[in-house]
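Please read the structure below before turning to the comments.
Just so you know, ligand 1 is whichever comes first in the structure, and atom 1 is the first atom listed for that ligand.
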Amino acid sequence: MEVLWTVPLLLLIPLLMWTSSTFVFYFKKCFYVAYMMCLALLAIPLCVLKSGGRDVENMRIIRSLVRHVKYFLGLRFEVSGWEHLQTEGPYVIISNHQSSLDVLGLMEILPDRCTMIAKKELVYAGTVGLVCWLGGIVFINRKKTSDAKSVMTDAAKTMLDEQIRLWVFPEGTRNQRGDLLPFKKGAFHLAVQAQVPVIPIVFSSYSNFYLRKEKQFNSGNSSGLCSCFNVFLCVRRSSHAEVLSLLRRHQIEDPPKDRHEGDDVRRHHIPLRQILQRDALGLLEHLQLRNPEQRADAALNTNH
Ligand SMILES: CCCCCCCC/C=C\CCCCCCCC(=O)SCCNC(=O)CCNC(=O)[C@H](O)C(C)(C)COP(=O)(O)OP(=O)(O)OC[C@H]1O[C@@H](n2cnc3c(N)ncnc32)[C@H](O)[C@@H]1OP(=O)(O)O
Ligand SMILES: CCCCCCCC/C=C\CCCCCCCC(=O)OC[C@@H](O)COP(=O)(O)O
């Protein structure tokens, strides 16, 4: 008897998928969260067996478990400049942050011994939270700057002691407007304190397949033949040395403390994060282009 009821129910799902884009949106979102939760459940014992607890090496397991999730959501990633991540030793990665889907792109290119900075609320996200903790993610309290700063200062030391790379979302929150929010400063303090390079990574806009406000998560083009959307990931070359040499070339240095505001040096002083923000913003503009070929050309032209 029950079987008779489940058949029409099962038929209802494809019917709704076919007719309602809002249903597709919620279906895909729920699938994503539920599936990640299940994967996390699988990851927990594997991580514990591998490292006995919290360890950045667990990111290898997490990365390999997450990499196929993109196929279910109809996403593909094109990566340019991957070689820039092959720099020896620790560095800070900064990237734009559009959605929790960023985790898929992040895992696509995550270098070894790299973990992230995240808001502390994430640790309470059930099995996913536990996996984040096991993967060595550094949790900060965004509402308490002094706490966040001291956690990040400790992280700078750990980066060097344990040769760890850190991925920071310097906008500090998700942003799907197609631009960059003003960068927070923590990532740059981190790089200066640890004296490591900053590597910017830009994700192209998700707006051709995913719009949170409009409840759109497309499943293919109108012909239904192609259900695949490309996300373009562009890794820039290590910018820290580049920025320092730029500053030196223009004889711009951190203004000595005893100089006052109106001083020439102060007026010409360009903070590191401002230069990187400009660099990332320019690249983001290029990546807004819809046509993948155009995007590839743009990236090749800017990614020297
Ligand atoms: C098989 C498994 C299956 C599934 C499992 C999946 C697993 C998934 C795995 C992995 C996924 C991971 C995905 C993670 C994604 C998470 C994303 C997020 O959570 S994004 C939110 C958190 N991120 C941030 O907030 C950015 C970092 N934030 C900062 O850097 C800020 O700067 C912060 C919090 C430290 C302070 O923020 P302020 O809002 O107060 O603003 P400000 O202007 O930046 O700083 C205020 C003053 O403090 C100084 N300051 C900041 N940091 C400093 C420091 N480290 N040292 C000294 N001074 C510092 C600054 O210079 C500024 O002072 P003056 O204005 O310059 O005088
Ligand atoms: C028992 C609690 C259940 C909570 C369920 C949430 C579980 C999420 C499950 C699957 C998604 C896996 C990817 C997790 C990583 C998502 C990180 C993320 O994108 O956090 C948002 C944060 O950057 C910015 O937050 P705000 O925009 O400032 O707010």
Side-chain angles (χ1 to χ4, degrees), residues 28-47 50 56 58-70 73 92-110 114-159 166-177 180-194 198 203 206 210 212 254 269 271-274 277:
K28 282 187 150 187
K29 286 283 279 197
C30 290
F31 167 80
Y32 177 56
V33 171
Y35 192 57
M36 292 294 259
M37 289 285 194
C38 293
L39 284 176
L41 199 60
L42 185 64
I44 293 164
L46 294 176
C47 291
K50 182 182 161 87
V56 67
N58 287 332
M59 275 297 170
R60 286 174 192 267
I61 295 173
I62 299 167
R63 183 175 66 186
S64 62
L65 282 173
V66 170
R67 275 201 180 159
H68 69 283
V69 177
K70 60 176 184 275
L73 298 173
V92 173
I93 294 176
I94 56 167
S95 80
N96 56 325
H97 190 20
Q98 300 177 73
S99 146
S100 59
L101 292 173
D102 293 347
V103 172
L104 302 181
L106 180 151
M107 290 300 169
E108 197 71 17
I109 52 173
L110 191 74
C114 181
T115 188
M116 297 102 222
I117 303 267
K119 58 177 184 181
K120 73 167 181 19
E121 291 82 353
L122 197 60
V123 82
Y124 304 114
T127 52
V128 165
L130 185 51
V131 162
C132 289
W133 182 83
L134 286 166
I137 289 185
V138 177
F139 297 102
I140 55 163
N141 183 351
R142 291 183 295 183
K143 291 180 203 98
K144 268 193 153 179
T145 301
S146 57
D147 283 8
K149 275 178 1 187
S150 76
V151 168
M152 288 180 77
T153 306
D154 289 348
K157 194 173 171 305
T158 315
M159 277 179 94
L166 275 177
W167 188 307
V168 188
F169 293 97
E171 292 172 282
T173 185
R174 284 166 295 180
N175 168 36
Q176 247 215 306
R177 291 187 326 207
L180 289 170
L181 300 174
F183 285 169
K184 304 267 182 194
K185 295 181 177 175
F188 309 102
H189 280 287
L190 196 63
V192 170
Q193 280 165 19
V198 178
F203 288 69
Y206 296 168
Y210 178 77
R212 190 161 38 150
D254 272 343
H269 174 63
L272 176 69
R273 71 183 175 124
Q274 210 168 307
Q277 173 127 10

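Atoms CG and CG, from Leu73 and Leu101 in turn, are 6.5 Å apart once rounded to the nearest 0.5 Å. Between atom NZ of residue Lys29 and atom OG of residue Ser100 there is a gap of 4.5 Å, rounded to the nearest 0.5 Å. Annotation: the span from Leu39 atom CG to His68 atom NE2 amounts to 5.0 Å, rounded to 0.5 Å. Remark: Phe183 CZ to Gln277 CD distance equals 4.5 Å, nearest 0.5 Å.
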If you look only at distance, which donor and acceptor atoms sit under 3.5 Å apart when one is on a side chain in residues 140-152 and the other is two or more places apart or in another chain?
from: Asn141; atom 1: OD1; to: Lys143; atom 2: N; distance (Å): 3.0
from: Arg142; atom 1: NH1; to: Gly172; atom 2: O; distance (Å): 2.7
from: Lys143; atom 1: NZ; to: Glu121; atom 2: OE2; distance (Å): 3.3
from: Ser150; atom 1: OG; to: Asp147; atom 2: O; distance (Å): 3.1

For ligand 2, output the ligand-protein N/O contacts shorter than 3.5 angstrom; if there are none, return none.
from: ligand 2; atom 1: 23 (O); to: His97; atom 2: NE2; distance (Å): 2.6
from: ligand 2; atom 1: 25 (O); to: Lys119; atom 2: NZ; distance (Å): 2.9
from: ligand 2; atom 1: 27 (O); to: Thr173; atom 2: OG1; distance (Å): 3.0
from: ligand 2; atom 1: 27 (O); to: Arg174; atom 2: N; distance (Å): 3.4
from: ligand 2; atom 1: 27 (O); to: Arg174; atom 2: NE; distance (Å): 2.7
from: ligand 2; atom 1: 27 (O); to: Arg174; atom 2: NH2; distance (Å): 3.1
from: ligand 2; atom 1: 28 (O); to: Arg142; atom 2: NH1; distance (Å): 2.9
from: ligand 2; atom 1: 28 (O); to: Arg142; atom 2: NH2; distance (Å): 3.3
from: ligand 2; atom 1: 28 (O); to: Thr173; atom 2: OG1; distance (Å): 2.5
from: ligand 2; atom 1: 29 (O); to: Lys119; atom 2: NZ; distance (Å): 3.0
from: ligand 2; atom 1: 29 (O); to: Arg174; atom 2: NH2; distance (Å): 3.1

Contacts table for ligand 1: protein N or O within a distance under 3.5 Å of ligand N or O, distances only.
from: ligand 1; atom 1: 19 (O); to: Lys119; atom 2: N; distance (Å): 2.9
from: ligand 1; atom 1: 30 (O); to: Gly186; atom 2: N; distance (Å): 3.1
from: ligand 1; atom 1: 32 (O); to: Lys185; atom 2: N; distance (Å): 3.3
from: ligand 1; atom 1: 32 (O); to: Gly186; atom 2: N; distance (Å): 2.9
from: ligand 1; atom 1: 39 (O); to: Lys184; atom 2: NZ; distance (Å): 2.8
from: ligand 1; atom 1: 40 (O); to: Thr145; atom 2: OG1; distance (Å): 2.6
from: ligand 1; atom 1: 44 (O); to: Lys185; atom 2: N; distance (Å): 2.7
from: ligand 1; atom 1: 56 (N); to: Gln193; atom 2: NE2; distance (Å): 3.2
from: ligand 1; atom 1: 61 (O); to: His189; atom 2: NE2; distance (Å): 2.7
from: ligand 1; atom 1: 65 (O); to: Lys185; atom 2: NZ; distance (Å): 3.1
from: ligand 1; atom 1: 66 (O); to: Lys185; atom 2: NZ; distance (Å): 2.6

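Using cut-offs of 30° and 60° for the angle between ring planes, the Phe169 and Trp167 rings count as tilted.
Screening residues 122-134 for side chain to side chain donor-acceptor pair (under 3.5 Å), with sequence neighbours left out, gives no hits.
A side-chain donor-acceptor contact under 3.5 Å links Glu171 to the backbone of His97. No side-chain donor-acceptor contact under 3.5 Å links Lys50 to the backbone of Asn58.
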